[in-house]
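Predicted model only: the values in this text are computed from it and were never measured. For ligands, and for the atoms within them, numbers begin at 1 and follow the listed sequence. The chain is numbered in sequence order, starting from 1.
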Amino acid sequence: NPNYEWFSERLLNGTIKDYDRSRIRTDSIIGKGAFGEVYRGTLLASNENEKDIQIAVKQLPNGAKENSKSDFLFEALTLCKFQHKNIVRCLGISTDNYGIYILLEMMAGGDLRSYLRQTRDKETKRSTLQIREMLSLALDIASGCQYLESNKFVHRDIAARNCLLTSKSAGKQVKIGDFGLARDIVMSDYYRKEGQALLPVRWMSPETFQDGIFSSKSDVWAYGILLWEIFSSGFIPYPGLSNFSVLNFVTSGGRLESPAVCPSYVYNTMLWCWADTPEKRPTFTQVIEDLELANRIYVDCSVGVHKRKTKQSHP
Ligand SMILES: CN1CCN(c2ccc(C(=O)Nc3n[nH]c4c3C=[N+](C(=O)[C@H](O)c3ccccc3)C4)cc2)CC1
């Protein structure tokens, strides 16, 4: 796979930094993924005019099989290539004869899906987030996806569970954080073999689950589902439908309904992302334009209402 040559070449000529293990301190475990464990850690300063950096250290469980080692390195390679404010940064790796660490930007807010569920009102099951805040989260991810699209990189697993928050407080940013499935294999055994409850079929476009075709347009479809997740405060898409019936529902033209609290402009953007054929779907640039328009209109309308002090139905 040409990507691996790219990796080993850059490892050798130093564009991917290999940090000495003595500079890395791992503390508590913060997550256990299918591809390894993630620890809260510190990259110790190498001299007195440097400071320690809080990092997330991702490591392959010991005794992992050979192919997951290369998959693991592939994720590091992928993340190291990208430099964007809405993609989790990779500082580099650390190898020793025990195994490989990937050193990643610390995202203290955890994954987006858990956050959306935590911000759900217990009784009403409604989100306590402001529409503006939901749109901000949506635009952050769309920006990261636009960067991938412009780099001709197909992610294959855009979903709220794979996004991470810098924090849970105001001014938080959300970034695309997991590239485990970005490897160029047609259909990942990972999902089929594990038979995980969260089979990505609920995020898959018709051409993907029918013919295994992934493209930036199938990433756009998945992004539409992520948009629905944000405005539905983290519900599983197609509630009440089994994985198998989702396939039939979607191929026969069925689509998710609008979330209860969702401006019609945003729901129209979701429907555009779910056009049945890829070429009818927007690019991420068009998604961003659409959502920014929604943001302006929504803000103007709500401001307008307060100014005119009249009862006016929201768009
Ligand atoms: C009360 N709350 C409970 C939850 N808590 C957390 C829970 C999880 C995390 C966490 O995993 N943070 C991460 N920072 N950087 C990376 C992370 C994961 N990475 C990975 O590469 C993981 O594979 C990954 C990627 C995307 C999504 C999930 C996991 C890279 C941080 C805080 C905050 C306080």
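The proximity of Ile30 to ligand 1, defined as any non-hydrogen pair under 4.0 Å, involves the side chain as well as the backbone.
Proximity annotation for atom 34 (C) of ligand 1: of Lys168, Gln118, Arg89, Lys168 comes nearest, heavy atoms only. With Ile176, Leu165, Leu164, Asp178 as candidates, the residue nearest to atom 19 (N) of ligand 1 on a non-hydrogen basis is Leu164. Of the listed options Gly31, Ala108, Cys90, Ala160, Ala108 places a heavy atom closest to atom 33 (C) of ligand 1.
On a distance-only criterion, Cys163 and ligand 1 share no N/O pair closer than 3.5 Å. Considering backbone and side-chain N/O atoms, Asp111 never comes within less than 3.5 Å of an N/O atom of ligand 1. Annotation: Lys58 places an N or O atom under 3.5 Å from an N or O atom of ligand 1; distance criterion only. The shortest N or O to N or O distance between Arg161 and ligand 1 is not below 3.5 Å.
The heavy-atom pair separating Ile176 from Leu148 by the smallest distance is CD1-CD1, 4.0 Å.
Annotation: cation-pi geometry satisfied between Arg120 and Phe235 (NZ/CZ under 6.0 angstrom from ring centroid, within 45° of ring axis).
Near Gly177, meaning under 4.0 Å from one of its heavy atoms, ligand 1 places the atoms 21 (O), 25 (C), 26 (C). Listed by atom number, the atoms of ligand 1 under 4.0 Å from Leu104 heavy atoms are 21 (O), 30 (C).
Of the charged side-chain nitrogens involved, at least one lies within less than 4.0 Å of a carboxylate oxygen, so that Glu207 and Arg281 count as a salt-bridged pair. Ionic pairing of Asp178 and Lys58 is present here: one or more N-O contacts between side-chain nitrogen and carboxylate oxygen are shorter than 4.0 angstrom.
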Please report, to 0.1 Å, the donor-acceptor pairs under 3.5 Å made by any side chain of residues 221-231, with sequence neighbours excluded.
from: Trp221; atom 1: NE1; to: Met204; atom 2: O; distance (Å): 3.3
from: Tyr223; atom 1: OH; to: Ala138; atom 2: O; distance (Å): 2.6
from: Trp228; atom 1: NE1; to: Glu257; atom 2: O; distance (Å): 3.0
from: Glu229; atom 1: OE1; to: Ala160; atom 2: N; distance (Å): 3.0
from: Glu229; atom 1: OE1; to: Trp203; atom 2: NE1; distance (Å): 2.9

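Annotation: ring-ring contact (aromatic ring centres under 6.0 Å, His included) contacts of Tyr39 (sequence neighbours excluded): none.
If you check the side chains of Asp18 and Thr95, you find a donor sitting under 3.5 Å from an acceptor.
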